[in-house]
Amino acid sequence: MIASADVVVVGSGAFGASAAYHLAQRGVRVAVLERAALASQTSPRAAGLTSQIRATPALTRLAQRAVTKLAAFGAETGQPLRFTQSGALKIARTDRDAEQLTREVTRGAEVGVPISLVSIAEARRLLPILGVRGIVAVTWSPTDCNVEPSELPLGYCRAAEKLGAVLLPHTAATGFEIGPRGVEGVRTPGGTIATRVVVDAAGAWARLVAAALGASSLPVVPTRHQLLITEPIAGVGPHFPIARVIDANVYVRHERGGLMLGGYEPDPLQPEALPDDVRALPLDVDVLWRLAHSVREQFPIFQDPSIRVAEHRGGLPTMTMDDRYLVGPLPGVTGAWVMSGCCVGGLSVSPALGEAIAEWIVDGAPALDCSDISPTRFGAPVDEARLRERCRHAYATHYRASGGEPSG
Ligand SMILES: Cc1cc2nc3c(=O)[nH]c(=O)nc-3n(C[C@H](O)[C@H](O)[C@H](O)COP(=O)(O)OP(=O)(O)OC[C@H]3O[C@@H](n4cnc5c(N)ncnc54)[C@H](O)[C@@H]3O)c2cc1C
């Protein structure tokens, strides 16, 4: 146990690990408290997809910056990361979603993210398993990519450690010392670490940590998200792009010679009582088969009775009411910061968000505009039932919300 640190990061998932690395890179004395094994909770269970066109130019710039950093991860950190720049197809099956795609092409051009409308024949050339029935329009984003999710936070942890950060796995933050000038220390079972700055990057448990810090509320809702990976299928390979079907909220990509399928059901589980470990989260593969059925014309391969599931996994990302991250100073507690509201897109953008929070803490402001993800943007707290309903809606309409459509 250490006696003091400039910054204590609570949580070693994608958010906390990236924050710790970027703070250590700036010469800050960082300690990372992780109550489980390092990077063992929601982050390694992600699909690892990027999606750069976001609802606002500022969010798109953050996602674009993250892809640049993912591509250079090995060179920057010296740590391994399986990175595949497969590109991504986005599929509209309705005229309304085709209009969304047209707007996304315009928004990409404004920020400099390559994206164009392509013919259905071209989409099928890129993704030979694609069934063309029911498709109205498709975009192609050649710079989107996917990574091995477990390697990213672990790589940032190891790289942070090499820069002097102290990693404390199996050590929970159990409470906080708050004085008249704000944060003074973090309590752990092994003693108190004196510090003036805490970053709450506790994933599904971020609300508990924020409450222990004395924040009035953190408007995020942990929400179960799942995916499956099939056994290898002949002809399927890493050259396959990511594919997303907007109205069905389904994504498909290559993984280990098979296909990964995940998606956003209309009525996701929002557990009232959080498990201590995501391995205790009940999973339900039927949710995924229903989503597969909803895209049977575009992905008939999932209706093949010989398909076998090699892996089914899930975790607890946190949703916000507007489907945007919640990152910045924690309102009402001097010295406390939060990285939450990942909205099932935190792994891929964590390189940019960790960089931004380090700049914010060290320089007083991030280089990229983070006002769209400010923790203060919702104003007065909403009651729990309304919060849950609005987060459910944001989840259930994720591909429209992230495309800039109002998510309710
Ligand atoms: C099936 C699935 C698919 C996904 N697909 C994608 C995708 O394609 N692209 C993408 O970008 N994102 C995706 N995500 C979302 C992504 O996984 C999350 O955005 C990301 O992992 C969030 O990281 P985190 O650091 O907030 O959470 P976590 O990884 O859960 O880390 C939080 C950590 O805090 C620790 N902690 C909690 N309380 C305490 C405490 N009191 N003291 C010490 N430590 C504590 C926990 O043990 C945990 O390790 C997906 C998620 C799932 C489940």
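Every number for a ligand or one of its atoms is a count from 1 in the order of the listing.
If you number the atoms of ligand 1 from 1 as listed, the ones under 4.0 Å from a heavy atom of Gly315 come out as 53 (C). Shown in contact with Ala173 at under 4.0 Å from a heavy atom are these atoms of ligand 1, numbered in order with element: 40 (C), 41 (N), 42 (N), 43 (C). Counting the atoms of ligand 1 from 1 in the order shown, those under 4.0 Å from a heavy atom of Gln41 are 30 (O), 46 (C), 47 (O), 48 (C), 49 (O). Taking every non-hydrogen atom of Tyr251 and a distance limit under 4.0 Å, the qualifying atoms of ligand 1 come out as 3 (C). Residue-ligand proximity, Ala202 to ligand 1, at heavy-atom distances under 4.0 Å covers atoms 32 (C), 34 (O), 37 (C), 38 (N). For ligand 1, the atoms closer than 4.0 angstrom to any heavy atom of Leu33 are 43 (C), 44 (N). If you number the atoms of ligand 1 from 1 as listed, the ones under 4.0 Å from a heavy atom of Gly346 come out as 10 (C), 11 (O), 12 (N), 19 (O). For ligand 1, the atoms lying closer than 4.0 Å to a non-hydrogen atom of Trp205 are 37 (C), 38 (N), 46 (C).
The closest donor-acceptor contact from the side chain of Thr230 to the backbone of Gly258 lies at 3.5 Å or more, if one exists at all.
Contact annotation for Phe15 and ligand 1: heavy atoms of both the backbone and the side chain come within less than 4.0 Å of the ligand. Contact annotation for Ser340 and ligand 1: no heavy atom of the residue comes within less than 4.0 Å of the ligand.
Among the atoms of Gly345, some N or O lies under 3.5 angstrom from an N or O of ligand 1. Remark: ligand 1 and Leu49 share an N or O pair separated by less than 3.5 Å (distance only, no angle test). For the pair Arg45 and ligand 1, the shortest N or O to N or O distance does not fall below 3.5 Å. Here's the thing with Arg35: one of its N/O atoms is less than 3.5 angstrom from an N/O atom of ligand 1. An N or O contact shorter than 3.5 Å is missing between His225 and ligand 1 by distance. The shortest N/O to N/O separation between Thr42 and ligand 1 falls below 3.5 Å.
Screening Gln226, Glu311, Arg279 for a side-chain contact (heavy atoms from CB on, under 4.5 Å) involving Arg45 leaves a single residue, Arg279. Test His393, Arg386, Arg388 against Arg390 for side-chain contact (heavy atoms from CB on, under 4.5 Å) and you get one pass: Arg386. With Ser86 as the fixed residue, the side-chain contact (heavy atoms from CB on, under 4.5 Å) test singles out one of Thr50, Ile242, Asp144: Ile242.
When hydrogens are left out, the protein atom nearest atom 20 (C) of ligand 1 is Ser43 OG, 3.7 Å; that is the closest non-hydrogen contact. Distance from atom 40 (C) of ligand 1 to its nearest protein heavy atom, with residue and atom name: Val10 CG1, 3.6 Å. Shortest contact from atom 34 (O) of ligand 1 to any protein heavy atom: Gly11 CA, 3.3 Å.
Using modelled atom types, one finds a donor on one side chain and an acceptor on the other under 3.5 Å when comparing Tyr395 with Glu265.
Val252 is not listed as a side-chain neighbour of Phe240, based on a closest heavy-atom distance of 4.5 Å or more. Side-chain atoms of Leu70 and Pro351, non-hydrogen and from C-beta on, do get closer than 4.5 Å to each other. Contact check for Val113 versus Thr60: side-chain heavy atoms found under the 4.5 Å cut-off. The shortest side-chain heavy-atom distance between Phe299 and Leu127 falls under the 4.5 Å cut-off.
Heavy-atom separations between Gly48 and ligand 1 include at least one value shorter than 4.0 Å. The shell of residues lying under 4.0 angstrom from ligand 1, judged by heavy atoms, includes Ala201.
For Asp276, the CG atom counts as loosely surrounded, since its 6.0 Å shell holds 12 or fewer non-hydrogen atoms of other residues, nucleotides or ligands.
Listed by chain and number, the residues in a salt bridge (Lys or Arg N to Asp or Glu O under 4.0 Å) with Glu76 are Lys69 (sequence neighbours excluded). Gln303 is linked by a side chain to side chain donor-acceptor pair (under 3.5 Å) to nothing, counting only residues two or more places apart in sequence or in another chain.
With atom 17 (O) of ligand 1 as the reference point, the heavy atom nearest to it among Ala47, Ala14, Ser40, Ala46 is part of Ala46.
Ring-plane geometry between His225 and Tyr251 is classed as tilted, the angle between the planes lying from 30 to 60 degrees on a 0 to 90 degree scale.
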